[in-house]
Amino acid sequence: MNITARDRLRLLGGASAALLGACGGGGGGGGTSAGQTAGTPVVPVTPTPPTPPTPAQTFVPAQGALRNAYLNDFKVGAAIQAAWIDEAGTDIDALKSQFNSISAEYEMKPDIIAPTEGVYDFTAADKIVDFAIANNMDIRGHTLLWHRTTPDYFLTGTKAEMKAKLEAYITAVLTHFKGRVTTWDVVNEVITDNGSEAQSPYRNSNWYQAVGSAEYIDWAFNAARAADPDVKLYINDYGTESTGKRNRLITVIDDLVARNIPLDGVGHQAHINVNTAASNVLQAVDAIDARFAGLENHITELDVSVYNDPGSCFNNQTGCAADYGTAIPASVIAAQAQLYRDVFTGLATRSSVTSVTLWGISDDRTWLNGYPVDRTNAPLLFDRSRAAKTAFRAVTDPTFEI
Ligand code: G3I
């Protein structure tokens, strides 16, 4: 029970009045107390000190509180690294306790699985997949094709040779994980951020430049479907909460659907910040629902940065919001919690949303501690000591007052 300042004053006032009475001292406090007759010595009463308030208890979430809060709505996932699995008492405890889906933060990408053409190393990826299966968790395969994690060999030779190398890679990977990985981000971040570029809506990436068109996207989806008819195939990107990026993505999806390129869902990375309007995230889902009945939506990399940076911070690391250090203002923590609550509750009302993944577990290991600049960020549901944050309580307890 928290003792208010008023309570404390009342308690101390009572004690000081008794003390004054015992000493026959001044003020109104010199009276005798019941049972005493005038003249008898008054034994000083040692005041009972007020019970000190209990230190703020660290909130300990109930087992399964997060995943169970949305059990009928969507899987709740987290991105992890294979190295964390052997650590005890840290992120993995929270993962096993609160989540029911996993993404590999980097170990299921081509630069890790096959840095050399035709040579596959699934060791780290299998560690994550085996852990997920042993703990009854889904796995979101991330990702088969991303311009930032494409070894050079993919992008050399004729179009036919590049197509054959991509098909060979995708076939090998999907065959290896068949029956264990339920969803794949087949292509990641293939939409341009700049709608005025000549090749818009496509990103002018290494893939686009090597192939000379966006045809590589068709190759990827067709190869994935041929390798595994049962796995869900996603196109994944960031910035879908912004109408321009979202509309370019929709243009690309329109084209894929029109040409019967196999596609099951849209991944919205949702790397947002405390100034993002939850409605913008929800409108991204609504826009897909409105145009593509039957496609699923996944939130694939959710985190809420405590900083709202200008474009220059992302472009050339200038004008970035000042580092809070570990003293994140209470107002920012509260705004983050409210935004998480609004996003989660809004997504739970949209039946096309079948998975929501946080891009990490605890703040001390978020990629945002190093992007766009080195700075202390706090974008996730567990803090640096792996205690559940206000945001965790906000998304798991509707009665919790932020
Ligand atoms: O720590 C290992 C080291 O032990 C190992 O020897 C080395 C081998 O390359 O990798 C090291 O891991 C690094 C890893 O991050 C952990 O810090 C990798 O080099 C590095 O490439 C990796 O970066 C990841 C990045 O994607 C590229 O895969 C980030 O963790 C990850 O957060 C980031 O995630 C992306 C999504 O896939 C797509 N959306 C954006 C998001 C953030 O950039």
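Everything numeric here is computed off the predicted structure, so don't read it as measured data. Counting convention: from 1, in listed order, for ligands and their atoms alike.
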Discussion item. For Phe400, does the six-membered ring have the charged nitrogen or CZ of Arg341 within the cation-pi criterion, i.e. under 6.0 angstrom from the centroid and within 45° of the normal?
Written reply: no
Worksheet item: For atom 9 (O) of ligand 1, which candidate among Thr366, Asn188, Ile112, Asn236 holds the nearest heavy atom?
Response: Ile112
Worksheet entry | His142: which of Phe177, Tyr106, Trp359, Trp184 passes ring-ring contact (aromatic ring centres under 6.0 Å, His included) | Trp359
Worksheet item: Within a strict 4.5 Å, meaning less than it, do heavy atoms of the Val186 and Leu145 side chains meet?
Response: no
Worksheet, complete the sentence: dist Arg148:CZ -> Asp111:CG (nearest 0.5 Å) comes out at 9.5 Å
Fill in: Region of Thr149 engaging ligand 1 - heavy atom pairs below 4.0 Å
side chain
Worksheet item: Should His142 be counted as touching ligand 1, given the test is an N or O pair under 3.5 Å?
Response: yes
Response to the item:
Min over Tyr238, Tyr371, Trp359 of heavy-atom distance to atom 34 (O) of ligand 1 lands on Trp359
Worksheet entry | Protein residue, atom and distance nearest to atom 35 (C) of ligand 1, heavy-atom basis | Trp146 CH2, 3.7 Å
Item to complete: Indicate whether the side chain of Thr192 and that of Asn194 have a donor and an acceptor atom separated by less than 3.5 Å.
Response: no
Worksheet entry | Residue, atom name and distance, where the atom is the protein heavy atom closest to atom 32 (O) of ligand 1 | Glu105 OE2, 2.6 Å
Worksheet, complete the sentence: Ranked by distance from atom 4 (O) of ligand 1, the top protein heavy atom is Tyr106 OH, 4.6 Å
Worksheet item: Can you find a protein heavy atom under 4.0 Å from atom 6 (O) of ligand 1?
Response: no
Worksheet item: Less than 4.0 Å between atom 21 (O) of ligand 1 and some protein heavy atom, yes or no?
Response: no
Fill in: Closer than 4.0 Å: a protein non-hydrogen atom to atom 42 (C) of ligand 1
yes
Worksheet item: Heavy atoms, side chains only, cut-off 4.5 Å: are Leu368 and Asp363 in contact?
Response: no
Fill in: Nearest non-hydrogen protein atom, atom 40 (C) of ligand 1
Glu301 OE1, 3.4 Å
Worksheet item: Heavy-atom distance from atom 28 (O) of ligand 1 to the protein below 4.0 Å?
Response: yes
Response to the item:
Of all protein heavy atoms, the one nearest atom 26 (O) of ligand 1 is Lys109 NZ, 2.8 Å
Worksheet item: Any idea which atoms of ligand 1 are less than 4.0 Å away from a heavy-atom of Arg148?
Response: 43 (O)
Worksheet item: Please state which protein non-hydrogen atom is closest to atom 17 (O) of ligand 1 and give its distance, to 0.1 Å?
Response: Gln81 NE2, 4.1 Å
Worksheet item: Counting only heavy atoms not in Lys232, do more than 12 sit closer than 6.0 Å to its NZ atom?
Response: no
